[in-house]
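See below for the structure under consideration.
Residue numbering restarts at 1 for every chain, and letters A, B, ... go by the order of the sequence lines.
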Protein chains: 2
Amino acid sequence: MRAVTIHDVAAEAGVSAATASRVLSGHPATSEESRTRVTEAARRLGFRPNAQARSLRKSHTNTIGLLLSDVRNPFFADIAHNAEQHALESGIATLLCNANESTEQQDLYLDLLLSQRVAGIIVAPQGDGAGSLREVLTLGVPVVFVDRTIDGVDVPSVTSDNRSGITGAVAHLAGLGHRRIGLVAGPQETSTGRERLEAFRQAIAEHGLDDDPDLVHLGDFQVTSGARAANQLLDLPHPPTAVLAADSLMTFGVLEVLRERGIRVGSDLSVVGYDDVAAFRWFSPQLTVVAHDPARMGALAVDLIRDVLDGRPARSVVLESSLVVRESTGPALGTGSVPHPAGRQ
Amino acid sequence: MRAVTIHDVAAEAGVSAATASRVLSGHPATSEESRTRVTEAARRLGFRPNAQARSLRKSHTNTIGLLLSDVRNPFFADIAHNAEQHALESGIATLLCNANESTEQQDLYLDLLLSQRVAGIIVAPQGDGAGSLREVLTLGVPVVFVDRTIDGVDVPSVTSDNRSGITGAVAHLAGLGHRRIGLVAGPQETSTGRERLEAFRQAIAEHGLDDDPDLVHLGDFQVTSGARAANQLLDLPHPPTAVLAADSLMTFGVLEVLRERGIRVGSDLSVVGYDDVAAFRWFSPQLTVVAHDPARMGALAVDLIRDVLDGRPARSVVLESSLVVRESTGPALGTGSVPHPAGRQ
DNA sequence: CTGAAAGCGCTTACAG
DNA sequence: CTGAAAGCGCTTACAG
């Protein structure tokens, strides 16, 4: 059962372990003869280098950690898939960890990745940069943020513009005559949650729409919080005519409640989702959403961490987000189809 | 930048590395005095044991590999999430890898996991058991199959019954008067693909329904193959009145095509999906599906690999699958609502 | 081009 | 209870 080591290969090939190592790792100082003998021996024996021993000696690994908030969130699943495939093309293995939208679990996995001595960590961070994240940074382990950032923590990041999509969505709804727009906001421990809420408030002010605190509900980027928020919004004495949710899972929660209550999306209530998850296009009516590009994000995050690892300058990138108008938004109820009506609903 | 080692901790605490190691790993043979001094020193220095060195010495790691077919498939995302959380509770870290429904990529990651010297591997396998998988097995690395199996390869597995759900679905459709049922089958390189197709054929025969080879299309468990199959089925001179797909992604592909063609699900064409993915419940009409339990599968697979690792007997388990009737299945077009009509459509 | 030797950071018999 | 020493499987200056 004992695994075959480089000594076994060396013995089989009739050379020293040093020579075997050189051949196997492509070091130029090897003879034709050694090369063929060692390669052959390794093949015959089914030699599989011990990555642990190798990285212990070389004091760096070829593995990166990818710490995401929720693997079941299709948005992050897309990031995971593309980051992994992209890393693989550069011969980098990816250790995928799931923080489950919990700062504690994020710390736990950060510790784990540190113990595994990964070469670098791509993380969709949470919290204020205290805890294990601070440690990681002071240890000098390369870190790249993806999707989210932390104020005051200066690491390269690939994010998307959280403003333009929301701004576009509010303008679109205002143009349809909506004056009371409900927001299911994300958790304020995340930069995306904060920025989207901020953009929303600003847009509401700009368009002179109802700035009612009851119209904003803080969720946690998970389905149930979206459902809860939808129920509260709909139970308001003066409910909104349109609802915007700050991520795909909360959008699903909203849609679930609307179905339960028999409220028709698009006609009874306008809905704008977030993240252009495939399922939203298969919905009827097809959802109007704020779209950005998780696939590209994942690949760029890997590029960024490679830049850092290879000592190249790493420049943060902000991807665009934009409104994709489909069928789930329509004229505000009671206002006809005339945009900007004088009266209120 | 150099990481702090156990020698640093030992020096700081004024003991030997051996004692420091014993304290840190909870060995009983330590004095009260050493314990407090070492623990304190480790805390002060922010000591983080090098997992590589540890596992090199102990020749086993506390990490398992989880090799799934497609992380973007919500079914597998559920397995991944639950397996990981469950493993974590036992202090086991999970290396999640994505085979991307490709046997080559499966081999690549198997090699990688072997190099990482994971304690064991949970895999949703593909292919015939040749290639790296055979090597893994002959090396004696503990393996557990999840969701799928390979004929003739005897490892513990947690799967679900691929028969009962399909059988129930065909019976249900036959009861609604359908005689021509289309199947978007899974790839025949997978046990699930084979078993579901087999169950379908048998059920068709039992109910005496149209056994037309044109009604069966082989897909690859991905969205586009579902769409392609749907188009071909609908373009048949004598198209089916109901369609059954063998996984969630292909079901999505089918639904996409129906929407494009303006075919109403449930009334124009009955659809039975596979995997009770949340999105199917948010659909309108809500989808009738064959449901099984990925969350439980993930957790059980971890239990199984722990059994193997701890030397306990590991017993394979087969979970149930069952038909959940919702709104996407209705009477066959042209047959009225009378079940088992004499005439054909 | 090649080999002997040291060392990466741990753990664990072996003595005491 | 404690320490010195060996060793896990590699890689890499250092000589030759």
Side-chain angles (χ1 to χ4, degrees), chain A residues 1-39 41-42 45-63 111-112 114-119 139 141, chain B residues 1-39 41-42 45-63 111-112 114-119 139 141:
Chain A
M1 195 74 69
R2 195 183 120 268
V4 6
T5 74
I6 200 163
H7 288 102
D8 301 324
V9 175
E12 175 86 3
V15 298
S16 72
T19 298
S21 170
R22 286 195 192 93
V23 170
L24 263 10
S25 57
H27 189 102
T30 48
S31 66
E32 180 65 44
E33 160 106 37
S34 309
R35 252 169 290 159
T36 55
R37 299 180 62 170
V38 170
T39 314
L45 267 34
F47 173 64
R48 212 167 286 281
N50 182 322
Q52 254 88 35
R54 173 176 289 172
S55 67
L56 178 56
R57 178 57 228 250
K58 303 181 67 162
S59 73
H60 79 267
T61 61
N62 222 16
T63 306
D111 286 358
L112 190 84
L114 240 29
S115 273
Q116 296 289 338
R117 297 293 191 267
V118 291
L139 282 173
V141 176
Chain B
M1 196 74 69
R2 195 183 121 267
V4 4
T5 74
I6 201 162
H7 287 102
D8 301 323
V9 174
E12 175 86 3
V15 298
S16 71
T19 299
S21 170
R22 287 194 192 94
V23 170
L24 263 11
S25 57
H27 189 103
T30 48
S31 65
E32 180 65 44
E33 161 105 38
S34 308
R35 253 170 288 157
T36 55
R37 298 180 62 170
V38 170
T39 314
L45 267 34
F47 173 65
R48 211 167 287 282
N50 183 322
Q52 254 88 33
R54 173 177 289 171
S55 68
L56 177 56
R57 178 58 227 251
K58 303 182 66 163
S59 71
H60 80 265
T61 62
N62 222 16
T63 306
D111 286 358
L112 191 83
L114 240 29
S115 273
Q116 297 288 338
R117 298 292 190 269
V118 291
L139 283 173
V141 176

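For the pair B/Gln116 CD and D/dC10 C1', the interatomic distance rounds to 14 Å; values are reported in whole Å. One interatomic measurement links the two molecules: CZ of B/Arg117 to P of D/dG9, which rounds to 8 Å at whole-angstrom precision. The interatomic distance linking A/Leu56 (CG) with C/dG7 (P) rounds to 14 Å, in whole Å. Put simply, CD on B/Glu33 is 13 Å from C1' on D/dT2, counting in whole angstrom units. Whole-Å rounding puts the B/Arg37 CZ to D/dT2 P distance at 10 Å.
A/Thr39 meets the side chain to side chain contact (heavy atoms under 4.5 Å, CB included) test with A/Val23; sequence neighbours excluded. By the side-chain hydrogen bond (donor to acceptor under 3.5 Å, both in side chains) test, B/Thr61 is found to be paired with no residue, residues two or more places apart in sequence or in another chain being considered. With sequence neighbours excluded, the residues forming a side chain to side chain contact (heavy atoms under 4.5 Å, CB included) with A/Ala41 are A/Val9, A/Glu12, A/Ala13, A/Arg44, listed by chain and number.
Residue A/Asn50 holds its CG atom at 14.5 Å from CZ of A/Arg57, rounded to the nearest 0.5 Å. A distance of 4.5 Å separates OG1 in A/Thr63 from CD in B/Gln116, rounded to the nearest 0.5 Å. The CG atom of A/Asn62 lies 11.0 Å from the OG atom of B/Ser115; values are rounded to the nearest 0.5 Å. Atom OG of A/Ser34 and atom CZ of A/Arg37 lie 7.5 Å apart (nearest 0.5 Å). Interatomic distance, CZ of B/Arg35 versus OG1 of B/Thr19, reported as 12.0 Å (0.5 Å rounding).
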| task | Dot-bracket notation for DNA chain D is requested: 5' to 3', Watson-Crick or G-U wobble pairs only, both distances under 3.5 Å, with ( ), [ ], | and . as defined. | result | |||.||||||||.|||
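At C/dT2, one or more side-chain N or O atoms of A/Ser34 fall inside 4.0 Å of OP1 or OP2 (strictly under the cut-off). Residue A/Thr5 places none of its side-chain N or O atoms closer than 4.0 Å to OP1 or OP2 of D/dG9. Taking side-chain N and O atoms only, B/Ser31 has a distance below 4.0 Å to OP1 or OP2 of D/dT2.
Using atom C1' as the reference point in both D/dT12 and D/dG16, the two lie 16 Å apart (nearest Å). C/dC10 and C/dC14 are spaced 24 Å apart, taking the P atom of each and rounding to whole Å. Separation of the P atoms belonging to D/dA5 and D/dC1 is 23 Å when rounded to the nearest angstrom.
Summary of the strand contacts: B/Phe47 and A/Glu32 both lie near DNA chain C, and taking for each the nucleotide with the nearest heavy atom, the more 5' one is attributed to A/Glu32.
Pairs passing the salt bridge (Lys or Arg N to Asp or Glu O under 4.0 Å) check and including a residue from residues 13-23 of chain B, sequence neighbours excluded, do not occur.
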| note | Whether each nucleotide of nucleotides 11-16 of chain D has a protein heavy atom under 4.0 Å at its base (B), only at its sugar-phosphate (S) or at neither (-) is summarised, 5' to 3', as BBB---
